[in-house]
Amino acid sequence: MSEYNFSQIEKKWQEVWEKEGVYHSDPDPKRPKYYVLEMFPYPSGRIHMGHVRNYTLGDIIARVKRMKGYNVLHPMGWDAFGLPAENAALKHGVHPADWTFSNIAYMKAQLKKLGFSYDWRREITTCTPDYYRFEQKFFIEMYERGLAYRKKTLVNWCPKDQTVLANEQVEDGRCWRCGTEVTTKEMEGWFLKITAYAEELLQDLDKLEGKWPEKVITMQRNWIGKSVGAEIKFFVPDLEEDLIVYTTRPDTLFGATFVALSPEHEMAKKLAEKKGLKAKLEEFIEKVRKERRAIEEGRAEKEGLFLETFAVNPLTKEHIPIFAANFVLMEYGTGAIMCVPAHDQRDFEFAKKYGLPIRVVITPKDKVLKAEELESAYEDPGILINSNEFSGLWSEEAKERIIAKLEELSLGKKKVTYRLRDWGVSRQRYWGCPIPIVYCERCGIVPERIENLPVVLPLNVQIDKTGKSPLPYLEDFVNTTCPRCGGRARRETDTFDTFVESSWYFLRFASPDPELPFRKEDIEYYLPVDQYIGGIEHAILHLLYARFFTKVLRDLGYINFDEPFEKLLTQGMVIKETYRCPVHGWIYPEEVSSDGKCLKDGCGEKVEVGKPEKMSKSKCNVVDPDEMIKKYGADTVRLFIAFAAPPEKDLEWSDHGIEGAFRFLKRLYSLISSYADELREVELKEEELKELSDKLLKLRRKLHQTIKKVHIDFEERLHFNTGIAAIMEFLNHLQDTLKELSPDDLKDHKAKILLKEVFIKTLLLLSPVCPHICEELWEKLGGEGRIVNAKFPTFDPTLLKEETFVLVVQVNGRVRDQVEVPADITKEKALELALSLPKVKKFVEGKSIKNVVFVPQKLINIVV
RNA sequence: GCGGGAGUGGCGGAAUGGUAGACGCUCCGGACUUAGGAUCCGGUGGGGAUUUCCCCGUGAGGGUUCAAGUCCCUCCUCCCGCACCA
């Protein structure tokens, strides 16, 4: 019997498949397509188990669909721009491009070793001009349509490094690189007007219902954050102008006892100027900026600065004080709010602190609220009081009526607001796609001409110790001529946020044309992506940006669909248990003795076994895919990963678990190998599989039941763990059956045909998960062609039906016995039989039968 | 605080309202062996009776039902996301 030599088998078939180009896909209008896409990786150096899981899940889906007759597009590429390349350059003195491309080469080899069914001809590397030139084109077209614009905003700024920091580069209010306290700074930058699509992005989430995880849909809804309210004008006599506030509770207008502005609000500045509070306000702004983080986390106390003037409530005509307050956000609504302490907790706290009046205008049905007795704001709906002609109305109706009244008086209007902000795409980074804009001394902002694209990112640069982008200092790059007037001009030196590249790569995969971003007919054939797979961490940003780009490209006339990803699967993390020594902190499993002591430096302290956590170097719980492939082979790694948990749950890596998967494949290999010679020439004529002996019929039935189960689990439920369990169960049953049969039984021709069917179909079922071993055994068994090109087995429905079943006999809902009975047994017969069973008699005797429930094919329940 | 998800053996996890614990791991026993961390066979939720029997058991409590892990109500715990968004 031959050994399962996985490394030889895997190498052999990977070469064959590559040579034969079995995974290539080209548009073919005669065949149905299926586009399977996994989120492409950032080329950080090596792939990790999270990637292995993501790509294994995608590969299984792609292979199942191929076997079901679809023309499957399954591509892979590299999200190759990004900050880590610059950090590597800083640390190791290697150029970001060299670092990136060598990482890509290494990781590509790793993916190939895992046997993924990618059409590598379609590989994309986003840091090449071939790719990003089209991104620049889209940007210019967006600019021309007013969808890209330049504005000043507040950014995180590290005063030491003199650089802008992304939110995720700020750790506890400090710069991640140098630890300096981060401040905010106003800076100019480019923005994409995603807010113009807020309503459509929200509405179209309904189309994804049932196809995307509910969680992701909810997260996006919250992120877009639609709220319906009103803008209301409060006249400010001191300035003789209106202050416009935004509120979702116009019904509480009569309870407004003050108004609050964001400290950065224009009117706050004007009023401060007028009242001689300029210094105080600036001090306040500075303080609020510093506390920004604490404020965002809700840790800072509410604080305000009275601007020594008043605003007029448009309906009551009351004069109420104006404050600048730290809890009012400039970026949301109008940056100004009316404050109703009785019905808003934040206003309540502020009012208590500054001794401002609290007036109840909404009251629940059953009791009367008194302002002086309130311990917190009453925020629920209720009935209006103290509100003139609106008193007595239910708050929901009052909202409409008060808005109507304000509109009639031109003092306010209904207003929809979104939490979603425009997408800031400027990065003061080197390793990114250049923003194709020129600043002309005469013409101002001018987009580069389309025919001059790409604006190539210069590679002849030195990354210096400050980590600052070298682009602004590259005279050759910066100095240019104006595309419009030909005069002197300077290039934009910011680059795009890397989320821009990943917002359209799925389109490029379908049509890698050298001259066009993509050909329309290719897009029409392959898109949208049928199944997208990736981590939940991209639930909001990437997926929202990609949805936005899809809609923009649609409106620019490139494509004709609304949503890029038909179905979405978000896989869980790969986690592993951790070990912690009281002296050494996190330690590797190898550093723990068999009796749980720390072996590091002869330490000997008792090691704490921590709960499983996401794999990370710092926690010493990383498992290297290369090592696993070397030890067990790609098929075993894939099998374990698909088997250990359903895709959406976290997967706990287990060294014992992978041994189990390895054992299963060894068992499969030796079993089929031992019959291979005998069965190779046997022709699989299913029509001869009639009048089988009981045991063989049972085996065949079990096979077809397994095919059905695997079909459902692999193609519909995407629960590969239970599908694989069914295959394992079948193999167990097969081995039991083989043990029971005599050598003579197996010499029978029919038995041989059946065995051939059983083996061939088992291999077909397992091949999406473990393609190499299945291809090898397929060849040994004399299978036709390549298993990777074979059809998924179908089941014979007539075979599924059992002639008998095990009837569960219950008395008062408790199982008392079970007995094998004909499948078509009647209720009467079943009852008669049940009552004759001694174990049942025991519980029924001497009692009267009140009811009998009979479930065909299942059970009988006798109620006494 | 708001939103989402989950609580099932020693562990990962199975169960269209119909035998709870499939499949795998671990552990225990046995076989083969110079050896076993290879392989094969058997057992493995808890408690009691000890051969084939009974009771208990899906986070807690209640309800609907002939029948509940599954449906309904109340509560507890954990995880994730968002969070002064007016």
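So you know, we letter chains A, B, ... as the sequences are listed, proteins then strands, and number each from 1. Note that this is a predicted model, so its numbers are computed, not measured.
- The nucleotide B/C66 finds its pairing partner in B/G18, both defining distances of the Watson-Crick or G-U wobble pair being shorter than 3.5 Å.
- For A/F643 and A/F720, the ring centers are positioned 6.0 Å apart or more.
- Nearest-nucleotide positions on RNA chain B place A/R814 closer to the 5' end than the other of A/Y418 and A/R814.
- Nearest to the side-chain atoms of A/T247 among the listed nucleotides B/A86, B/C54, B/C84 stands B/A86.
- Across all strands shown, B/G24 pairs with B/C11; the Watson-Crick or G-U wobble distances both stay below 3.5 Å.
- A close approach under 4.0 Å does not occur between any side-chain nitrogen or oxygen of A/N812 and OP1 or OP2 of B/C66.
- Distance from the side chain of A/K858 is smallest to B/G18 among B/G18, B/A15, B/U26.
- The aromatic rings of A/H542 and A/H538 stand perpendicular to each other, their planes meeting at an angle above 60°, with 30° marking the opposite boundary.
- Between A/F640 and A/Y632, a ring centre-to-centre spacing not shorter than 6.0 Å is recorded.
- Closest to the A/K666 side chain, of the nucleotides B/U39, B/G12, B/C53, is B/U39.
- The base of B/C84 sits with one of its N or O atoms less than 3.5 Å from a complementary donor or acceptor on the side chain of A/K302.
- Taking 4.0 angstrom as the limit, A/R816 places a side-chain polar atom (N or O) nearer than this to OP1 or OP2 of B/C55.
- Within a 6.0 Å radius of NZ in A/K702, other residues, nucleotides and ligands contribute more than 12 heavy atoms.
- Of the two residues near RNA chain B, A/I536 and A/K739, the one whose nearest nucleotide lies more 5' is A/K739.
- Look at B/C2: its Watson-Crick or wobble partner, with both distances under 3.5 angstrom, is B/G81.
- Across all strands shown, B/U33 remains unpaired; no Watson-Crick or G-U wobble contact has both distances below 3.5 Å.
- In this entry B/A49 has no Watson-Crick or G-U wobble partner, no candidate having both defining distances under 3.5 Å.
- When distances are taken from the side chain of A/T722 to each of B/A83, B/C25, B/A14, the shortest belongs to B/A14.
- Applying the 4.0 Å criterion to OP1 and OP2 of B/C53, one finds that A/K839 has a side-chain N or O inside that range.
- The listed nucleotides are B/U19, B/G12, B/A14; the one nearest the side chain of A/E652 is B/G12.
- Under a cutoff of 6.0 Å and an axis angle of 45°, A/K302 and A/F327 form a cation-pi pair.
- Taking only side-chain atoms of A/M219, from C-beta outward, the nucleotide of B/G81, B/A86, B/C25 with the closest atom is B/G81.
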